[in-house]
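Here is the structure we will look at, set down as structure tokens.
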Amino acid sequence: MSDYSYMMRRQLKWMFYLLAILVLGWGFTDYQTFFSGMILGAGISAFNLWFLQVKINRIGQGIVDRDEKKRTLGMLTRLATAALAAVITIRYPEIFDMIAVIIGLMTPYLVIIIDYLFHQTELTTRKRGE
Amino acid sequence: MLAAAIAVGLGALGAGIGNGLIVNGTVNGIARQPELRGTLQTTMFIGVALVEALPIIAVVIAFMSM
């Protein structure tokens, strides 16, 4: 399996761990509005993360195969899902907290940066051909 | 409404230019050295993800201001 596939799995794994912790927080604490907002934001951004990973993998495969088909990064879809989260939050403010949704939408970036910092030495110190 | 449109439009414009530059560099790199595809894709993924953080926030702020 390539470095990129490992990275995809690691990042999605950490996102699912985070979602599990948020569900525990929603079930066992009194801050249900906050945690449900975080779950909404983190769930939608986990989908965005997976979608971006798949799209980039398809673009890379297309270049290697010399495929002439036009491919996109799917930015409009990701912006639309963020808009969906905002609309749901504005429509149901008694269930979802807006600040929590925004924090949830930004969690995959933390996951990406921390994952990169932890694994960049593996990528850069490996010898050629290993 | 106009403020929301300007926020989303300018955010998406900047992200579009940034994504275009990143994809351009990666496509050139993979076409020259296909064996480096994994590393280049990882770099491209991190770049695109970080570039798109701003327009996502812009969309949310635009919907809040509407």
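Computed from heavy atoms alone, side chains included, the values below leave out hydrogens, waters and symmetry copies.
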**OP:** To the nearest 0.5 Å, tell me how far B:T42 OG1 sits from A:I112 CD1.
**Re:** 11.5 Å
Original post:
Under a 4.5 Å heavy-atom cut-off, does chain B meet the side chain of A:D115, its backbone, both or neither?
Top reply: neither
Subject >> Leading residue by heavy atom contact count with chain A [cutoff under 4.5 Å; candidates B:V60, B:V8, B:I61] >> reply: B:V60
Original post:
With a cut-off of 6.0 Å (strictly less than), are more than 12 heavy atoms of other residues, nucleotides or ligands near CG of A:D65?
Top reply: yes
Subject >> Heavy-atom contact with chain A under 4.5 Å, split by part of B:V23 >> reply: side chain
**OP:** Taking all heavy atoms of B:A31 and all of A:I63, pick out the closest pair and write down the distance.
**Re:** N-CG2, 4.0 Å
Original post:
Side chain, backbone, both or neither: which part of A:M75 has a non-hydrogen atom closer than 4.5 Å to chain B?
Top reply: both
Subject >> Contacting region of B:A12 [heavy-atom separation from chain A under 4.5 Å] >> reply: both
Original post:
If Ile, Leu, Val, Met, Phe, Trp and Tyr residues are connected whenever their side-chain heavy atoms lie under 4.5 Å apart, and connections chain through other members, are A:Y92 and A:L105 in the same group?
Top reply: yes
Subject >> Hydrophobic cluster identity match, A:L110 and A:F34, side-chain contacts under 4.5 Å >> reply: no
Subject >> Nearest non-hydrogen partners of B:Q41 and A:I56, listed with the distance >> reply: NE2-O, 3.5 Å
Original post:
Between B:A53, B:A62, B:G38, which residue shows the highest count of heavy-atom pairs closer than 4.5 Å to chain A?
Top reply: B:A53
**OP:** Please report the shortest heavy-atom distance between A:A86 and B:F63, naming the atom on each side.
**Re:** CB-CB, 3.9 Å
Subject >> Proximal component of B:V59, with respect to chain A [non-hydrogen, under 4.5 Å] >> reply: side chain
Original post:
What distance do A:I113 atom CD1 and B:I46 atom CD1 have between them, rounded to the nearest 0.5 Å?
Top reply: 9.0 Å
**OP:** Report the distance from atom CE of A:M106 to atom CD1 of B:I56, rounding to the nearest 0.5 Å.
**Re:** 5.5 Å
Original post:
Between B:F45 and A:Q11, what is the shortest heavy-atom contact and its length?
Top reply: CE2-OE1, 3.1 Å
Original post:
When clusters are formed by joining ILVMFWY residues with side-chain heavy atoms under 4.5 Å apart, either directly or through shared neighbours, do A:Y31 and A:V23 land in the same one?
Top reply: yes
Subject >> Portion of A:M8 that has a non-hydrogen atom of chain B nearer than 4.5 angstrom >> reply: neither
Subject >> A:L76 portion near chain B, given a 4.5 angstrom heavy-atom threshold >> reply: neither
Original post:
Roughly how far apart are A:Y116 OH and B:L50 CG, rounded to 0.5 Å?
Top reply: 10.5 Å
Original post:
Which value, rounded to the nearest 0.5 Å, describes the distance between A:L79 atom CG and B:E52 atom CD?
Top reply: 6.5 Å
Subject >> Proximal component of B:M64, with respect to chain A [non-hydrogen, under 4.5 Å] >> reply: both
**OP:** Indicate, with yes or no, if A:W14 and A:Y109 share a hydrophobic cluster defined by side-chain heavy-atom contacts under 4.5 Å among Ile, Leu, Val, Met, Phe, Trp and Tyr.
**Re:** yes
Original post:
For A:A82, is it the side chain, the backbone, both or neither that has a heavy atom under 4.5 Å from a heavy atom of chain B?
Top reply: both
Original post:
Roughly how far apart are A:D3 CG and B:L36 CG, rounded to 0.5 Å?
Top reply: 10.5 Å
Original post:
Among the clusters formed by ILVMFWY side chains lying less than 4.5 Å apart, do B:M44 and B:I17 turn up in the same one?
Top reply: no
